[in-house]
Asker: 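Pasting in a structure now, in structure tokens, and then I'll have a few things to ask.
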2 protein chains.
Amino acid sequence: MPNRNTEDLKSRLVEYMDREGLRSTAQRRLVSDVFFKSVGHLSIEDMLEKVRAIDQGVGYATVYRTLKLLKDSGLAFERHFGDGVSRYEVADEGEHHDHLICQTCSKIVEFEDDEIERLQEALARSHGFELRRHKHELYGICADCRAK
Amino acid sequence: MPNRNTEDLKSRLVEYMDREGLRSTAQRRLVSDVFFKSVGHLSIEDMLEKVRAIDQGVGYATVYRTLKLLKDSGLAFERHFGDGVSRYEVADEGEHHDHLICQTCSKIVEFEDDEIERLQEALARSHGFELRRHKHELYGICADCRAK
DNA sequence: GTCGCTGCAAAACGTTTGCATTTAG
DNA sequence: CTAAATGCAAACGTTTTGCAGCGAC
């Protein structure tokens, strides 16, 4: 139950599909609806499971291609956390965050730090780079796991 | 020609192998020597090519397993830059750096910023985490590519 | 001589694509 | 009707492993 305006996301997707001349199909609506209502970082398998709970006729490739579509439209971020699996996350507008990951229990905490953002922007500029995006992941052991 | 004490790295590897009861073989010595003399971020294929220039009998699996050994011993870092390929880098002691990557020409600039390090340490602590390692990658367009 | 290591080839793994069929527009 | 989307299965690229023979100790 994310606190999120899924209607807005849906209409942005429709706009994108209109613009690109893509068709609105039952599968795309199902996959994108399920995705927009999800929290966290979902693999294709995760999505397939959720989607098949509603319609088990949906194929892996369709989920894969719809997630790609969502990524291309800017409505999903694709993440890689070191295991070989791609994960997808709803790209809430304006919101941005990095990740703090527990190496023991795999808990993922999201964070944002304006000061770090500012410093990395400055750093990129000082090396002549125009910064487009970044990946900042902190790996450690969370308080719960240390307590055990 | 990295400015690096390869003898030290070699002896640390020998220590590790002794401790673990592993054997010193011609292939392991060759692969690790080539690796320690290398700069940058090498894929298994890169390493295989360099190694086979000296002894073309060496198999892919041996390079793979030796790189894994180097990673386990703490003498190599494994990196993932988003294409599906694992890359390895010599883990010089004390030295640490993050990466600034040009999205156009794939140039990789290494950086280190103590202030960012300090902030991320504080941030992890404030979330109850004991920080073990981190990944900080900045993607953008370098000056050369923007000039074109 | 033992048991770990090598090289090969094959398996595994997640991702991506070709194609015949279905379906939105 | 037409072209795009689907589902399947197969292709892909990379990583990982089983195993027979080889070699360090």
Asker: Could you go through residues 54-69 of chain B and list every donor-acceptor pair under 3.5 Å that involves a side-chain atom there, pairing it with any protein atom two or more places apart or in another chain?
Answerer:
residue : atom : partner : partner atom : Å
B/D55   : OD1  : B/G57   : N            : 2.8
B/T66   : OG1  : B/T62   : O            : 2.7

Asker: Not counting sequence neighbours, which residues clear salt bridge (charged side-chain N to carboxylate O under 4.0 Å, His left out) with B/R133? List them please.
Answerer: none

Asker: Give, ordered by number, those residues of residues 44-60 of chain A having at least one heavy-atom distance below 4.0 Å to an atom of DNA chain D; if nothing qualifies, reply none.
Answerer: A/G57, A/V58, A/G59

Asker: Base, sugar-phosphate alone, or nothing: which one does A/S43 contact when heavy atoms must sit under 4.0 Å apart?
Answerer: nothing

Asker: Could you work out, with salt bridge (charged side-chain N to carboxylate O under 4.0 Å, His left out) as the rule, every residue matching B/D46, not counting sequence neighbours?
Answerer: none

Asker: Can you list, by residue number, the residues of residues 16-25 of chain A that have a non-hydrogen atom closer than 4.0 angstrom to DNA chain C?
Answerer: A/R23, A/S24

Asker: For B/E78, enumerate each residue passing the salt bridge (charged side-chain N to carboxylate O under 4.0 Å, His left out) test, keeping only those at least two apart in sequence or located in another chain.
Answerer: B/K71

Asker: Under the side-chain contact (heavy atoms from CB on, under 4.5 Å) test, which residues partner B/I108, sequence neighbours left out?
Answerer: B/H41, B/F81, B/H99, B/I101

Asker: Sorted by first residue and then second, give each salt bridge (charged side-chain N to carboxylate O under 4.0 Å, His left out) pair with at least one member in residues 15-34 of chain B; sequence neighbours left out.
Answerer: B/K10-B/D33

Asker: Give me the other members of the hydrophobic cluster that A/I141 sits in, counting Ile, Leu, Val, Met, Phe, Trp and Tyr linked by side-chain heavy atoms under 4.5 Å, directly or via other members.
Answerer: none

Asker: Using a 4.0 Å cut-off to any heavy atom of chain A, which nucleotides of DNA chain D are the first and last in contact, reading 5' to 3'?
Answerer: D/dA3 to D/dC8

Asker: Could you pull out all residues at least two apart from A/K50 that satisfy side-chain contact (heavy atoms from CB on, under 4.5 Å)?
Answerer: A/V34, A/S38, A/L42

Asker: Within residues 62-72 of chain A, find the residues that approach DNA chain D with a heavy atom at under 4.0 Å, and present them sorted by residue number.
Answerer: A/T62, A/R65

